[in-house]
Amino acid sequence: MAKFTRRYNRKRIGLSPGSIDHITTSSENYSISAYCYGEDILEKKELVNPSDLEKLLSSKKGSVWININGLNTSIVDQICSSYKIHPLFVEDILHLGQRPKLEEGENYLFLVLNMINFDTIKDEVIHEQVSIIFNQEFIISFQELEGDVFDPVRLRLEAGKGKIRKSGTDYLAYALLDVIVDRFYLVLEQLGNKIEMLEEKVLDDPSIELLYEINRLKRDFILLRKNIWPLREVLNSLMNNDMTIVSAHTRVFIKDVYDHTIQVMDSIDTYREMLSSILDIYMSSISNRQNDVMKTLTIIATIFIPLTFLVGVYGMNFRVMPELDWEYGYYTVWGIMIIVGLSLLLYFKRKNWM
Amino acid sequence: MAKFTRRYNRKRIGLSPGSIDHITTSSENYSISAYCYGEDILEKKELVNPSDLEKLLSSKKGSVWININGLNTSIVDQICSSYKIHPLFVEDILHLGQRPKLEEGENYLFLVLNMINFDTIKDEVIHEQVSIIFNQEFIISFQELEGDVFDPVRLRLEAGKGKIRKSGTDYLAYALLDVIVDRFYLVLEQLGNKIEMLEEKVLDDPSIELLYEINRLKRDFILLRKNIWPLREVLNSLMNNDMTIVSAHTRVFIKDVYDHTIQVMDSIDTYREMLSSILDIYMSSISNRQNDVMKTLTIIATIFIPLTFLVGVYGMNFRVMPELDWEYGYYTVWGIMIIVGLSLLLYFKRKNWM
Amino acid sequence: MAKFTRRYNRKRIGLSPGSIDHITTSSENYSISAYCYGEDILEKKELVNPSDLEKLLSSKKGSVWININGLNTSIVDQICSSYKIHPLFVEDILHLGQRPKLEEGENYLFLVLNMINFDTIKDEVIHEQVSIIFNQEFIISFQELEGDVFDPVRLRLEAGKGKIRKSGTDYLAYALLDVIVDRFYLVLEQLGNKIEMLEEKVLDDPSIELLYEINRLKRDFILLRKNIWPLREVLNSLMNNDMTIVSAHTRVFIKDVYDHTIQVMDSIDTYREMLSSILDIYMSSISNRQNDVMKTLTIIATIFIPLTFLVGVYGMNFRVMPELDWEYGYYTVWGIMIIVGLSLLLYFKRKNWM
Amino acid sequence: MAKFTRRYNRKRIGLSPGSIDHITTSSENYSISAYCYGEDILEKKELVNPSDLEKLLSSKKGSVWININGLNTSIVDQICSSYKIHPLFVEDILHLGQRPKLEEGENYLFLVLNMINFDTIKDEVIHEQVSIIFNQEFIISFQELEGDVFDPVRLRLEAGKGKIRKSGTDYLAYALLDVIVDRFYLVLEQLGNKIEMLEEKVLDDPSIELLYEINRLKRDFILLRKNIWPLREVLNSLMNNDMTIVSAHTRVFIKDVYDHTIQVMDSIDTYREMLSSILDIYMSSISNRQNDVMKTLTIIATIFIPLTFLVGVYGMNFRVMPELDWEYGYYTVWGIMIIVGLSLLLYFKRKNWM
Amino acid sequence: MAKFTRRYNRKRIGLSPGSIDHITTSSENYSISAYCYGEDILEKKELVNPSDLEKLLSSKKGSVWININGLNTSIVDQICSSYKIHPLFVEDILHLGQRPKLEEGENYLFLVLNMINFDTIKDEVIHEQVSIIFNQEFIISFQELEGDVFDPVRLRLEAGKGKIRKSGTDYLAYALLDVIVDRFYLVLEQLGNKIEMLEEKVLDDPSIELLYEINRLKRDFILLRKNIWPLREVLNSLMNNDMTIVSAHTRVFIKDVYDHTIQVMDSIDTYREMLSSILDIYMSSISNRQNDVMKTLTIIATIFIPLTFLVGVYGMNFRVMPELDWEYGYYTVWGIMIIVGLSLLLYFKRKNWM
């Protein structure tokens, strides 16, 4: 639950906005990498501290991509101030739990996004905040956690194939967004597998744990939906905003990513419908079992209660009970009881209770 | 389930867009047919490979319709590149699982659609992706699977009756769209029959299999809805876009197809309401049966438990029990028991439990 | 169910649009009546075939209203072609199951509507397709079935009272629409009566037939809603379209009909809410009865099972059982049993189970 | 139920619009009062028939407010025709069951509204139709029933305090609307009290009558909602229409009434949510009681059935049954039975069933 | 419940608007504090009565912030009239239960808001009405209750850090709004904790009190939603209105608060979904327990009823019953009974009932 409210703690309330003194997290593990690239050039550097960055940039040719893994407060602060990023945006980068959004800075665009992932060990969906700042000259990406998510983009950049080296930073921004949206497909696949497993289990073993599982999955889909929905809006604004930072050429590609988010939303809706079907079947299965129990009780009780009454009759101690003295009285009673029992069994069979 | 996520596999993530190296399917079975037609001419050719196509086209008169059955990667690629189709659209043609959409190319319109069908053998709704590219001069259609879906259009073309030969490629595009939307009616009819069968079964035999069936149908309707909804949008854009590719004359016909999609959506909604009615009755029928079981148990138990008590009384071995020595004690007890039993039966009758 | 899909049969698919060779119905029973009317004139004629019509029209003064009862293909075709109606509209007139809509022809307006009615014998809502074509000079109405629905309009026309003779064909079109919308009130009244009957029955006799009845009514309201909703849109377009066919004077009256459709929709919503209330009560009533059964069983079993145990104790054959030899043992046991039984009864009373 | 369809009866269908021959109600009890008022003047007159009105008006100074209590057909007709009100509006005034709406006449505004009230004797929400016609010179209000609803406005008018005498007829119209919207608060308060009573009863006595009560309240809120919703639209149009009848000064006050309708809608929504909570608790409470019954049965049966079996064993008549001859056999059996009984009780206690 | 209707009491209805004679509350405990501040100056004063205020203001330099704690009618009236606030706004300040809204006065903006808080002692969410009036020169805030909510703003003002002293009154207004929105996070955190507690309890102890708790929380979230929704609209208007009172510089910050309200709404939705999950599990848990009860009954009854029948058989007193005379008859019967009992137990085990 912490996820929903993690942005705020009591101490922060009333703080001056843009103040980064009391942010919630500051990772000590961070890494900075910088790429200077163009159609013919590619320079890559792992940096230890931001001051090295300035050296690199002074001699820069082509476009620059700086990627920061791990949100160290002072590092983020230094880089942002050297690029004159608005303090509110710096605050957004550092405070986790942002809603995806696109903001226009003075001469740059600022994006906050949530990248999702499926942690197969903990068996749960995890979120990671990614911020991207770019204009025609540079692109800076901040990742909450260390990770190799952007590796495919790096590979394409280093291989120099495709359009990525020839196109500007806006195209690189598109490439990063594409990778982030593609993550949703992977997570959907994992959750889809879980749903299939639930579908199989629901009839065989409708335990209350299954209900928990169903509800956990439901919540996962709600979270996915909450993340993809504003992401779609972000992409829509990117496609339609009138700043010159995003070229017409790149907008076509962003439209493609946008289509993917709609597809993801469709899938999410379908999965949610499937979950509610499973819930229906779960409920029905439970009530079916209850019915089974009831039927068993009814069959046994309905057969033996009358018979017990009958043997009770001949257990009475009346002085005058002619049947007791009959030669075949005992056997007659057995006969009657067998007939009664069998007819009841037949009746239940006919009623489809057995 | 594969359907919802089939577009993406891990390897693809991060690939350069428009690259067709790693598409999900490439059919080896394909066929290409080409029609050159006009008011007075009709030339038809089955092609083995795309190069034959160019020969044909060089001598072309009138409009050209090329139909490709089976999505072979290289074939699609060749044809598209000879018509200068945007790489992203080629990717869309080849990657299955697209959401229906209309895109404007430089001088052509690009449509991706899902054609549905009811596989009576597998007893399920199947989807097939159809892509259409057209401008005033040519129209190219790509079908995922071999099939005779467009045969009615071919027949009309060959017969030369109606407007189809006199009108341009936009009218042919309309004819194809009309055929695709008509498919929905056929599938709705099949599903409608299934619903009627369910309606009959739900009272007689409310098994849990029926619930599965209901949920499968529900899902089918969700899928239909997910396909018809964007199709409606596509038709709406075709009707209202301001490119000159679609003539005013054809727009009237497209409006007609558009009306059909709305009718289909209405029917889908009605069927869904019917399904939820059936679900209501199913639940009620289940609980009715449970009630029947309970009533049987109650009637039997309520009659015999007091009687068993009574015979138990006279089975006691007290030394002093005057009734036991009465001449007609035994018969009196029987009399009492019959009276008690009958009055209980009457009581249940009056309560409407029998 | 046929209603939802009746428009299409397999053979039609792929047919040239506007072709009327394969329409679903062609009534042999038809009648044509024509009115030529103006402020001072009124000529009425029953026609046998459309050619008579032309004679009549050649000498026409004032406005013309032609009403066709029964959809005979060739008749409809002749009339429409003499008025140059677009083939797609002719197809719409002849194919039943249209969604209400308003289309603009070259110099006329085309309306398709569904008139509803309550068949008191079959006890169900029936639908009839009505098409109206009009411009400033003529108005043509097509009814699917023979009927006297438009009689009130005829009477007013013949009586010459009110504005109907003085106003143009657009006012007559309004008059017909008014009659059609008024039908909804009649049907709502019938369905309202049925709901009241259900409300009374639901507590006394909550059988599964009642559930069927509730669901049938629900479906009726869904159908009504599906018909009134597009009708409202049609009226809205009539009110706001910018063609000169509908005069400002008539628009005020159409606004009045439009208000009625909104009132009808309100009533439909209210009835639907009432139905779902009845369903709630039905469910509750069923579960109440089940509860009654359970309570009866519990009371009887809970009283007699302990007593049966007690008499069982003194039915044991132990050699040493001092109570058996007591003078008043038997009576004491009876005393104990009566006390136990009464206290249990009291307990149930206090628990409100009796 | 009559309320929803009361506007129409069979005879009316097809009547000429605006004809007032066949209206549904014509009250014989009516009263007409007229106020001529301005900043310094106030003349008040109770009129017997409309002709007196003209006398009064000929000498009029300042604004005029005519209020008619009770809808007498001929009176309404006379007054409206002397002010040249459109016949359709006259029809609306006289036919009850109108949906609230605002219409623009030639040089006046026409409002139909529903005033609600809570009849504490019949314990139900009642509706009364109020129509208001006004321009800069006069305001006419028609009330369906005799009543003192507008008394507060009269008092303010007579007292001459506040802005009411200084402002024009549009301000008086506002004052009437304000009174009508305030009624909703009163009714909400009454219904709120009922909900609180239901909340208390639902746990103690969840009878089926309570369910009826809940459903009746639900319906009341639906009706309120259906009345406040179009009223809000009416106020919105009043605020934003571009006629000069409503002055900018008055629009600020109408905005205030508009805000109240939104508040009323908020409250209605909240109450409806509360009702559905109560329904949840009702259902739960019912099932709780059923559970109680079941537990009682289970406890008694589960304890005594095994014991009865045991005493049955020693009631058998086998020749050889060593236990029967033991000195303490009888006491041993009692011991065993007490131990079994107590352990079962303990088990139930631990399971939290007692 | 009083909360929803507290604005109106019978006496008020029909009162002249803007009259403050009959307001619902007038607190005797009030305090007035005034700040005159600028980049270099800060004067603070606690006032006893409003006349002192004028003295202070006559000598004012920089911006002025007047904060009134406790809504004393005459105080509010005096202050507002000295600033020429519209009487309707004064009424809004004094009447509690307003819906959050933004109104434009002649040369000022008027805001009514609801501040929420979690009363940990009463364990409930409480609401407090806050009104803010500001233009470029002054800002006046009215709080319903005494409280230290604005203390963080006061501290920042006194510390002189950040932008608060350098920016104008619009920035101060933003700071107050920020504090108010931040409160929602705190309350969400509290309610989130409660939900977590419910989640733990729902399986262990699904009592009906828990259901009450769930429904109370549901209602709390509805109230939160009802408060945050119009607040969002207010912020949106502040951001986008075209008055010059709010500077472009401040609008960026208001956008930030606006984003927070969207985040709050997201969290509320998520929590509501969680609550409905908990309700599902509650229902399931209840039915699970019922099932447990049923199973216990069925197992015991199904085992012992047949056995009791068997011992009943040998308790009969027939003269001829050969088994009774067998040497090992008694032991054979025990053997049979043990076998029957064990096989039934096995059967239940296999059916997963134990």
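Numbered from 1 within each chain, the chains take letters A, B, ... in sequence-line order.
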| request: Give the member of C:Ile299, C:Leu307, C:Ile303 that has the highest number of heavy-atom pairs under 4.5 Å with chain B. | output: C:Leu307

| note | Tightest non-hydrogen contact, residues B:Asp280 and C:Leu279, listed as OD2-CD2, 3.4 Å

| Between C:Arg99 and B:Gln263, what is the shortest heavy-atom contact and its length? | N-NE2, 4.1 Å

| Value rounded to 0.5 Å, distance of CD in B:Glu273 from CG in C:Leu223 | 10.0 Å

| message | As an exercise: rank B:Val313, B:Val320, B:Asn288 by heavy-atom pairs under 4.5 Å with chain C and give me the winner. | response | B:Val313

| Should C:Lys101 and B:Asp259 count as an ion pair when the cut-off is N to O under 4.0 Å? | yes

| Near C:Lys194 NZ, under 6.0 Å, is it more than 12 heavy atoms from other residues, nucleotides or ligands? | yes

| query | Below 4.5 Å, heavy atoms only, C-beta onward: do C:Leu324 and B:Met316 meet side chain to side chain? | reply | no

| Under a 4.5 Å heavy-atom cut-off, does chain B meet the side chain of C:Tyr331, its backbone, both or neither? | side chain

| remark: CG of B:Leu344 to CD1 of C:Ile300, rounded to nearest 0.5 Å, is 6.5 Å

| message | Looking at every heavy atom in both C:Thr308 and B:Ile305, which two are closest together, and how far apart are they? | response | OG1-O, 4.3 Å

| message | Are B:Met274 and C:Arg219 packed together at the side-chain level, in the sense that at least one heavy-atom pair is separated by less than 4.5 angstrom? | response | yes

| note | Applying a strict 4.5 Å limit to non-hydrogen atoms, the region of B:Val252 in contact with chain C is both

| request: Check whether any side-chain heavy atom of B:Asn317 sits under 4.5 Å from a side-chain heavy atom of C:Tyr314, and report yes or no. | output: no

| Do B:Phe309 and C:Met337 come within less than 4.5 Å of each other through their side chains, counting heavy atoms only? | yes

| task | Rounded to the nearest 0.5 Å, what's the gap from CG on B:Asp256 to CG on C:Asp92? Could you check? | result | 6.0 Å

| query | Mind checking whether B:Phe318 and C:Tyr330 have parallel, tilted or perpendicular rings, split at 30° and 60°? | reply | tilted

| Minimum heavy-atom distance B:Trp353-C:Asp292, with the two atoms named | CH2-O, 3.8 Å

| said: I need the minimum non-hydrogen distance between C:Ile208 and B:Ser284, along with the two atoms involved. | reply: CD1-C, 4.2 Å

| task | Walk me through it: do B:Lys351 and C:Arg289 pass the test side chain to side chain contact (heavy atoms under 4.5 Å, CB included)? | result | CA-CA 10 Å; B:Lys351 279 256 187 179; C:Arg289 288 184 165 235; over 6 Å; no

| query | Could you state the interatomic distance from CD1 (B:Ile281) to CG (C:Asn215), rounded to the nearest 0.5 Å? | reply | 4.5 Å

| note | Note: vs chain B, highest number of non-hydrogen pairs under 4.5 angstrom among C:Leu297, C:Val293, C:Ile286 is C:Val293

| field | NZ/B:Lys255: more than 12 non-hydrogen atoms of other groups inside 6.0 Å | value | yes

| B:Val202, part contacting chain C, at a heavy-atom distance under 4.5 Å | side chain

| query | Under 3.5 Å, is there a donor-acceptor pair between the side chain of C:Gln290 and the main chain of B:Met294? | reply | no

| request: Specify which of B:Gly315, B:Ser285, B:Pro306, B:Gly312 makes the most heavy-atom pairs with chain C at under 4.5 Å. | output: B:Pro306

